[in-house]
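Presented below is the structure to which this report refers.
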Amino acid sequence: MVAPAVEAPVVIGLDVGGTKILSGLVDHEGEVVAEREVPSPEGSEEGVLAALDAAVEALLDDRVAAIGYGIPANLERGTGRILHAMNLPLDDVDLVSRARERFGLPVGIENDASAATLAEWRRGAGRGAQNLLMLTLGTGVGGGIVVDGRLFRGWAELGHLVIQEGGEVCTCGGRGHVEVLASGSAADRVAQELFGREADAHVLVERAREGDGAAREALARIGRSLGAAIASLVNIFDPELVVVGGGFGAAAGELVLEPALVAARADAVSPANRTLRVVPAKLGPEAGLVGAGLVAFEALDGVR
């Protein structure tokens, strides 16, 4: 998808996932003016880096002033070096330095969920807030934190907050993490238990919207697990609001968010037990791409 040409500068943002690389030209207002998607390569680090280079080169022209990456990875604070990527063969990689040398442009990098948080804070549901949390409910659970008007640059592995001692085993090997209890994968498992091996989270949501009591209760249970995680985070960070996004989060909507808010308020300390807001994200599947673009503008402006 390509929109009419816009005046410089624009940046290239890349929202990198285990299954696809979404790249685009993003202007200073966070508008995506050109976009492309390719599958993420399987196999080697060299293959992934080559695919990232190709994604940049496909959009690179004289208008482009910087490049920003949103990567599902733990990043070294201060340098942005990739320590370990999730679902990608990238370990101990200095992607920023590599891209600067290759393309001769300012380069920024951020964890993909933190990049989506940056986008929702600057351009979406969290606009105007000084303190917020975001949780992205997809195959797993990610998230990000804004404190005192600044994006937290640490790992922010919010999906691995423990909310059930000795609970189900998470993909990381731990137990009882919010990711294993309140993600799209959790909804898939429940759907299969209720409606057969071919069912998934989409079926669960569809049945719930049709009024199926078991499906509605299953989503409410997922919502209560999410609310327990939100309450713990709220009691630490005292956000003005919590934004919930991701593919499963958007699909389930109020079926999960309403019980999550009730559960979160029940365990949040005063005054959050009365004032806490839990709201849906606004930017949808482009949040990560917009966020990567904003990361690029921060690199251009010398913030990173």
Check this for me, if you would: do Asp61 and Arg63 make a salt bridge, where the nitrogen-to-carboxylate-oxygen distance has to be below 4.0 angstrom? yes
Take atom CD of Glu254 as the centre, draw a 6.0 Å sphere, and report whether it contains more than 12 heavy atoms from other residues, nucleotides or ligands. yes
Set out, in order, the CA-CA distance, both residues' side-chain angles and the distance that settles side chain to side chain contact (heavy atoms under 4.5 Å, CB included) for Leu181 and Ile222, then state yes or no. CA-CA 6 Å; Leu181 295 168; Ile222 288 172; over 6 Å; no
His28: ring-ring contact (aromatic ring centres under 6.0 Å, His included) partners, not counting sequence neighbours: Phe297
Taking all heavy atoms of Ala115 and all of Gly70, pick out the closest pair and write down the distance. CB-CA, 4.5 Å
For residues 246-280, the ring pair (Phe, Tyr, Trp, His ring centres under 6.0 Å) pairs (sequence neighbours left out) are none
Under 3.5 Å side-chain donor-acceptor pair for Asn74 and His84: no
Ignoring hydrogens, what is the shortest heavy-atom contact between Leu95 and Leu49? Give both atom names and the distance. CD1-CD2, 3.9 Å
Cut-off 3.5 Å, no hydrogens considered: what does the side-chain donor-acceptor table look like for residues 189-204, sequence neighbours left out?
residue: Arg189; atom: NH2; partner: Val180; partner atom: O; Å: 2.4
residue: Asp200; atom: OD1; partner: His202; partner atom: N; Å: 3.1
residue: Asp200; atom: OD1; partner: Val203; partner atom: N; Å: 3.1

Stepwise, does the side chain to side chain contact (heavy atoms under 4.5 Å, CB included) test hold for Gln130 with Asp148? CA-CA 5 Å; Gln130 287 296 297; Asp148 294 335; 5.6 Å; no
Go through it in stages, so that I can follow the logic: the residues are Lys20 and Glu35, the test is salt bridge (charged side-chain N to carboxylate O under 4.0 Å, His left out), and I'd like the CA-CA distance, side-chain angles, deciding distance and then a yes or no. CA-CA 13 Å; Lys20 66 181 180 181; Glu35 185 177 324; over 6 Å; no
Please list all pairs meeting ring pair (Phe, Tyr, Trp, His ring centres under 6.0 Å) that have one or both residues in residues 219-240, counting only residues at least two apart or in different chains. none
Among all residues two or more places apart in sequence or in another chain, which pass the salt bridge (Lys or Arg N to Asp or Glu O under 4.0 Å) test with Arg224? Glu217
Checking Ile67 against Leu14 for the side chain to side chain contact (heavy atoms under 4.5 Å, CB included) test, could you report, in this order, the C-alpha distance in whole Å, the side-chain angles of both residues, the deciding distance, and whether it holds? CA-CA 8 Å; Ile67 302 166; Leu14 296 97; 3.7 Å; yes
Rounded to the nearest 0.5 Å, what's the gap from CG on Asp267 to CG on Asn273? Could you check? 10.0 Å
Flag for Ser270-Arg274: side-chain donor and acceptor within less than 3.5 Å: yes
CZ/Arg98: more than 12 non-hydrogen atoms of other groups inside 6.0 Å: yes
Taking it one step at a time, do Glu286 and Arg123 satisfy salt bridge (charged side-chain N to carboxylate O under 4.0 Å, His left out)? CA-CA 11 Å; Glu286 287 195 333; Arg123 303 292 182 226; over 6 Å; no
What residue among Val242, Val178, Leu161 forms side-chain contact (heavy atoms from CB on, under 4.5 Å) with Leu233? Leu161
Checking Glu240 now: which residues fulfil salt bridge (Lys or Arg N to Asp or Glu O under 4.0 Å) with it, not counting sequence neighbours? none
Whether the Thr79 and Glu76 side chains hold a donor-acceptor pair (N or O, under 3.5 Å, no angle test) is what I'd like checked. yes
Tightest non-hydrogen contact, residues Ala264 and Ala231, listed as O-CB, 3.6 Å
salt_bridge(Glu298, Arg153) N-O dist < 4.0 Å: yes
Considering the options Glu157, Glu168, His160, which one meets the side-chain hydrogen bond (donor to acceptor under 3.5 Å, both in side chains) requirement together with His177? His160
